[in-house]
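Computation of the quantities below employed the complete heavy-atom set of this structure, encompassing side-chain atoms and omitting hydrogens, waters and symmetry-equivalent molecules. The sequence lines fix the lettering, A, B, ..., with proteins before strands; numbering per chain opens at 1. Only a predicted model underlies this, so the values are computations on that prediction, with no experimental measurement involved.
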Protein chains: 2
Amino acid sequence: MQTERQKEIISVALNLISEKGIQGLTIKNLSKEIGISEPAIYRHFESKIDILIAILEFFKKNTELIFKAELSNEANAIKKLEHLFLNHFATFSITPSMVSVIFSEEIFRNEPLLIEKISEVIATNDKILTSIILAGQNNSEIRSDIEAKNLSIIVMGSLRLFVKKWQFSNYSYNLLEEGTKFFDTVRLIIKK
Amino acid sequence: MQTERQKEIISVALNLISEKGIQGLTIKNLSKEIGISEPAIYRHFESKIDILIAILEFFKKNTELIFKAELSNEANAIKKLEHLFLNHFATFSITPSMVSVIFSEEIFRNEPLLIEKISEVIATNDKILTSIILAGQNNSEIRSDIEAKNLSIIVMGSLRLFVKKWQFSNYSYNLLEEGTKFFDTVRLIIKK
DNA sequence: TGTAAGTTAGTTAATAATAACTAACTTTGA
DNA sequence: TCAAAGTTAGTTATTATTAACTAACTTACA
């Protein structure tokens with residue numbers, strides 16, 4: 001389990017990445033933001049890499065929770081996808097700094113250990129999304145003239161860019177509200 | 001105009017970013033790769049920021065060329081979009097390091113000057129893409145039940161994720177070939 | 001036309017700033 | 001009272017950049 005301080009460090013680290021990019025995440029900035037000295041950080045994490053790993057672990061748990069919840073859901077495929085979208089929008093609305101992590105492939109580029117963890121998360125989510133779409137196709141809810149694999153790219157790509165635009169606008173509008181409307185267009189595109 | 005050496009520096013810088021991310025772009029790495037001393041870099045660029053600006057300028061010219069060429073094209077809207085896709089795929093096939101720059105929002109995060117330049121490029125491209133789609137809608141080539149703005153997000157988001165996946169696979173397949181097939185699915189989705 | 005002056009593109013050595021991290025000491029609270 | 005969590009004052013490595021200098025050219029003009 002994590003201590004309160006560890007959770008605080010991860011939260012502040014996420015904010016730093018979100019605001020200034022990965023180059024903004026330094027032990028100095030971290031300690032300044034929290035209000036303790038630099039060495040005090042090392043009382044809670046062995047190294048900076050350990051902090052990054054903890055961030056990815058947090059992200060992994062979070063998205064896997066969202067994705068896997070849909071698998072065991074009784075709803076139809078499109079409802080599942082809608083849930084998936086809206087759950088993401090809700091998460092990002094509460095913790096905008098998480099948006100940076102969804103694009104973390106560009107951020108965590110040094111340590112092989114980090115790259116491996118990211119790849120895992122992406123592969124898992126991709127598999128779940130594709131399997132939901134496939135089920136919807138077998139079900140005649142979702143159009144079958146396009147391979148599930150490709151539909152998955154279109155759906156996920158749209159989600160990503162939509163969120164990215166929100167981030168780029170400086171979170172200037174209500175993501176959950178606008179995202180709900182946007183999913184209506186995604187639905188039109190994938191439905192049978 | 002740029003000298004041969006300046007072009008070389010930009011090219012090597014792109015490769016460094018592509019291989020190691022923005023953290024891999026240091027004057028030391030740059031000079032080592034080229035085979036000159038670190039201070040020699042400063043005979044060709046005033047500062048590191050100037051190198052980054054030159055990269056973005058290069059990227060801007062490149063994409064604006066691709067996008068604006070389509071505007072003055074006589075083809076119908078969907079053919080224009082196909083051109084747009086395939087031209088991008090061709091560019092990335094020849095210069096895979098350019099893929100990193102398409103996601104440069106995550107990379108160039110420090111200097112306000114860089115952020116401004118990126119925002120410009122994105123805004124311009126977005127406008128052109130949306131206007132092509134709008135023309136296609138007025139033309140009854142492209143479905144009109146979805147706003148051009150939203151179709152633009154779906155089309156661009158799909159393109160981005162498709163390219164990202166190719167990068168993530170370590171450029172292990174032929175982007176132009178697979179991309180041509182992928183555009184067939186995009187066509188199915190947007191056509192009337 | 002040949003030389004003086006200027007330019008280009010490089011060198012080595014040194015700079016200040018910042019990075020992650022550590023050793024040794026002090027405070028604090030159950 | 002003792003261990004967890006903090007401090008100060010350092011370390012080493014790396015960053016971008018500058019200073020001082022040089023070899024090899026090109027240009028201008030007496």
Atom OH of B:Y42 and atom C1' of C:dT11 are separated, to the nearest Å, by 16 Å

Atom CG of B:N29 and atom P of D:dT15 are separated, to the nearest Å, by 7 Å

Using a cut-off of less than 4.0 Å, is there contact between a side-chain N or O of A:H44 and OP1 or OP2 of D:dA4? no

Comparing nearest nucleotides in DNA chain C, the 5'-proximal residue of the pair B:R43, A:E46 is B:R43

Between CD of A:Q23 and C1' of D:dT14 the distance, given in whole Å, is 13 Å

What do the steps show when you test A:F183 against A:T180 for side chain to side chain contact (heavy atoms under 4.5 Å, CB included), and what is the final call?
CA-CA 5 Å; A:F183 186 76; A:T180 304; over 6 Å; no

| message | Below the 4.0 Å mark, does D:dT7 have OP1 or OP2 next to a side-chain nitrogen or oxygen of A:S37? | response | yes

Whole-Å distance, B:K48 NZ to D:dT15 C1', equals 8 Å

From CD1 of B:I27 across to P of D:dT15 the rounded distance in Å is 10 Å

Between CG of A:D50 and P of C:dA20 the distance, given in whole Å, is 14 Å

B:R5 CZ to C:dG10 C1', in whole Å, measures 9 Å

The answer to which of A:I36 and B:E38 contacts DNA chain D further toward the 5' end, by nearest nucleotide, is A:I36

Report task. Would you classify B:I51 as touching base, sugar-phosphate or nothing, given that sugar-phosphate means primed atoms plus P, OP1 and OP2, and contacts are heavy atoms under 4.0 Å? Result -> nothing

From the candidates D:dT15, D:dA16, C:dT11, the one with an atom nearest any side-chain atom of B:A40 is C:dT11

The residue among B:T130, B:I128, B:T124 that forms side-chain contact (heavy atoms from CB on, under 4.5 Å) with B:D126 is B:T130

What nucleic acid atoms does A:L30 come within less than 4.0 Å of, heavy atoms only: base, sugar-phosphate, or nothing? nothing

Picking from D:dT18, D:dA16, C:dA23, the nucleotide nearest the side-chain atoms of A:P39 would be C:dA23

Between B:H88 and the options B:F182, B:F67, B:F59, the ring-ring contact (aromatic ring centres under 6.0 Å, His included) test singles out B:F67

When rounded to whole Å, the CD1 to C1' distance for the pair B:I49 and D:dA16 reads 11 Å

Report task. Would you mind classifying the nucleic acid contact of A:T26 as base, sugar-phosphate or nothing, using non-hydrogen atoms under 4.0 angstrom? Result -> sugar-phosphate

Would you say the ring centers of B:F92 and B:Y171 fall short of 6.0 Å from each other? no

May I ask you to decide if B:N87's main-chain N or O and B:T91's side chain share a donor-acceptor pair within less than 3.5 Å? yes

